[in-house]
K.L.:
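There's a structure below that I have some questions on.
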Amino acid sequence: MHTGSRHFPQQGVRAGDEAASMLPKWTVFEDRHGHTGKGKGSGRAKPKGKPLDGQSRLLLAVNGLFAAGNALSGTFVNVYLWKARHDFTLIGWFTLIHYAAMALTFWLAGKWVKEHNKMNCLRAGVAVSALFYILVLWFGERAADFFVLLGVVQGMAAGFFWLAFNVVYFEVTSPDNRDRFNGWAGLLGSGAGMAAPWISGFLIVRMQAETGYRLIFTISLVVFLIGAAVSFFLKKRKTSGTYEWTLTWTCLRQKDTAWRKVGLALMAQGMREGVFGFMIGLLVYVHTGNEMKLGNFALISSAVALVCFMLAGRLLKPQYRRKAMLIGVVMLVAIILPFFWQVSFTTLLIFGIGAALFYPLYGIPMTTIVFDLIGRDEESARRREEYIVLRELALNAGRLLGTGIFIVVVSRTASPAVLNILLFALGSTPLAAYYFMRKAEAA
């Protein structure tokens with residue numbers, strides 16, 4: 001299901017017509033053997049629309065399997081917990097613990113990825129995801145009693161996977177094909193989000209509920225095991241340098257720098273993702289009481305997202321990024337307004353389709369530009385692991401803040417009007433993300 005959550009490595013720094021000035025002065029790359037080289041990005045123009053190589057396609061395959069495994073059961077884990085307790089606060093705490101564990105895993109695993117074996121970190125992410133579903137199957141109807149442990153395990157899985165994935169993504173792509181890679185990653189994620197939840201919803205309503213849930217959790221487990229197997233076809237990549245534990249804090253403390261502004265933009269981006277990533281699907285179930293309706297919601301919204309990611313990945317050029325982002329963020333805010341009229345399956349579907357239409361205009365440039373910033377010179381590229389950790393810590397700080405605000409509000413009141421205001425406030429944070437990206441251009 002697409003609600004504007006991550007189907008591809010998410011980041012963003014700047015946007016717009018200034019793409020020429022944003023492109024890295026030095027483009028750092030690695031050849032098929034993992035050796036580092038460099039070329040002047042501002043001198044001779046590189047061919048546009050550079051195709052993806054075999055390693056990039058394999059990385060997309062692993063990402064697609066990871067997305068499929070999560071799409072099969074990810075939304076329904078929250079529904080499973082809701083059916084046990086009917087408590088928004090518990091879902092909020094489960095999500096908060098997930099984000100906290102993910103952030104800590106990013107920071108600690110940065111040393112593993114920088115100095116040891118990043119491919120094993122990627123495989124660990126897939127394997128721990130499988131462990132998560134083993135635990136859910138083991139706990140069964142008592143899963144809500146173990147939401148802390150489950151949140152920690154799921155957060156660790158995401159941290160291991162996305163840290164290694166984003167580092168390898170940086171190494172196997174270049175400014176010439178990152179938009180294409182992000183478009184394909186979004187397309188695969190949307191395809192998984194389209195088919196998998198519908199299949200899950202169909203199985204749950206056609207079978208005895210508990211049996212259906214156990215079946216889809218088992219299928220997710222198998223998909224993650226397949227993903228782990230496919231990841232062994234990715235080549236081991238060269239490591240170099242020593243991990244700088246405090247680089248994130250050093251960059252964020254420095255005033256009037258691009259990374260400080262970027263960090264604020266990513267926090268704003270994360271505030272929306274932190275709550276919308278779980279709340280929209282849960283609201284569909286709460287207002288319909290039917291897993292098949294949730295599957296239909298995912299099918300329709302993700303089908304739209306699939307087409308939009310494909311088109312955006314093909315057509316979005318650097319010179320259009322600023323305008324695309326502005327249109328995207330304004331529309332992501334506008335599609336929340338129908339909730340003030342009525343929260344129903346219809347208005348939630350309007351939101352889902354709107355997010356599918358406009359999130360690629362915002363998300364793809366955000367992702368592409370930050371990796372161009374990381375690759376702007378040799379020194380920056382050598383610190384790619386630290387900068388990716390910085391990015392993820394900023395995103396997760398925003399997710400934690402947004403989810404924390406959600407917990408405080410829903411623990412005090414169950415008023416639908418207050419919840420609508422909360423969703424509108426958190427859903428408007430992409431405007432702040434766009435503002436700080438623009439400020440980063442002048443830093």
Side-chain angles (χ1 to χ4, degrees), residues 1-16 19 60 63-64 67 70-71 162 165-166 169-170 173 178-194 262 265-277 280 301-302 304-318 320-336 351-373 388 391-392 394-396 398-399 402 426-438:
M1 175 182 51
H2 183 82
T3 60
S5 57
R6 165 175 8 213
H7 290 312
F8 50 92
Q10 297 205 35
Q11 262 343 290
V13 191
R14 308 175 184 175
L60 281 171
N63 180 44
N70 280 318
W162 286 115
F165 177 90
N166 287 333
Y169 154 80
F170 175 81
T173 62
R178 278 190 190 125
D179 282 322
R180 182 183 295 271
F181 184 99
N182 291 337
W184 274 106
L187 188 151
L188 289 172
S190 297
M194 178 176 65
V262 166
L266 294 174
M267 284 186 64
Q269 181 183 2
M271 287 182 69
R272 178 188 186 276
E273 291 178 3
V275 174
F276 280 66
I280 300 301
S301 60
S302 293
V304 176
L306 186 149
V307 174
C308 292
F309 270 110
M310 181 174 62
L311 292 176
R314 288 174 177 266
L315 302 177
L316 195 58
K317 305 301 180 185
Y320 304 138
R321 285 175 184 163
R322 181 201 289 180
K323 292 179 180 178
M325 286 179 66
L326 182 58
I327 293 170
V329 298
V330 169
M331 293 308 298
L332 286 176
V333 175
I335 58 177
I336 304 171
F351 173 87
I353 292 173
L357 282 170
F358 297 108
Y359 190 84
L361 298 179
Y362 164 64
I364 288 180
M366 290 279 284
T367 303
T368 300
I369 299 167
V370 76
F371 282 93
D372 287 352
L373 181 64
I388 288 171
R391 180 200 62 179
E392 292 294 340
L395 272 171
N396 278 291
R399 291 169 181 156
L426 294 174
S428 298
T429 57
L431 291 169
Y434 177 77
Y435 169 78
F436 284 118
M437 289 298 178
R438 293 290 306 276

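For the numbers below, each heavy atom of this structure counts, side chains included, while hydrogens, waters and symmetry mates do not.
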K.L.:
Identify the two heavy atoms, one from Ala265 and one from Met437, that lie closest to each other, and give their separation to 0.1 Å.
P.N.:
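Ala265 and Met437 have their closest heavy atoms at CB-CE, 3.5 Å.
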K.L.:
In Å and rounded to the nearest 0.5 Å, what is the OG1 to CZ distance from Thr429 to Phe436?
P.N.:
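Rounded to the nearest 0.5 Å, the OG1-CZ separation comes to 11.5 Å.
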K.L.:
Using every non-hydrogen atom in the two residues, find where Leu315 and Tyr320 come nearest and quote the distance to one decimal.
P.N.:
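Looking at all heavy atoms of both residues, the shortest contact is O-CD1, 4.2 Å.
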K.L.:
Check Asn63 against Ala185 and note the closest heavy-atom contact, atom names and distance.
P.N.:
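Smallest interatomic distance, heavy atoms only, reads ND2-CB, 3.7 Å.
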K.L.:
Looking only at heavy atoms, which two atoms of Ile336 and Gly427 are closest? And how far apart?
P.N.:
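Taking Ile336 first and Gly427 second, the nearest heavy atoms are CD1-CA, 3.5 Å.
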K.L.:
Start with the C-alpha distance between Met331 and Leu361, add both sets of side-chain angles, then the distance that settles side-chain contact (heavy atoms from CB on, under 4.5 Å), and finish with yes or no.
P.N.:
CA-CA 10 Å; Met331 293 308 298; Leu361 298 179; over 6 Å; no
K.L.:
Can you name the nearest heavy-atom pair linking Ala394 to Leu266, along with the distance?
P.N.:
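Scanning both residues, the minimum pair turns out to be CB-CB, 3.8 Å.
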K.L.:
Atom CG in Leu357, atom OG in Ser301: separation rounded to 0.5 Å?
P.N.:
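These two atoms lie 10.5 Å from each other.
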K.L.:
Counting the benzene-type ring for Trp, do Trp162 and Phe165 have ring centres under 6.0 Å apart?
P.N.:
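Ring centres of Phe165 and Trp162 closer than 6.0 Å.
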K.L.:
Measure the spacing between CZ of Arg321 and CG of Leu326 and express it to the nearest 0.5 Å.
P.N.:
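Atom-to-atom, Arg321:CZ and Leu326:CG are 16.0 Å apart.
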K.L.:
Quick check: closest heavy atoms across Ala433 and Ala268, and the distance to 0.1 Å?
P.N.:
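Taking every non-hydrogen atom into account, N-CB, 3.7 Å.
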K.L.:
Distance check, rounded to the nearest 0.5 Å: Ile364 atom CD1 versus Met325 atom CE?
P.N.:
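Rounded to the nearest 0.5 Å, the CD1-CE separation comes to 12.0 Å.
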K.L.:
Quick check on side-chain contact (heavy atoms from CB on, under 4.5 Å): which of Leu426, Val333, Leu332 does Arg272 satisfy it with?
P.N.:
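Checked Leu426, Val333, Leu332 against Arg272; only one passes side-chain contact (heavy atoms from CB on, under 4.5 Å): Leu332.
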K.L.:
If we only count heavy atoms from C-beta on, is the Val330 to Phe358 side-chain gap below 4.5 Å?
P.N.:
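When only atoms from C-beta onward are counted, Phe358 and Val330 do not touch, as no gap falls below 4.5 Å.
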K.L.:
Determine whether the aromatic ring centres of Tyr359 and Phe276 lie less than 6.0 Å apart.
P.N.:
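That pair fails the under 6.0 Å test.
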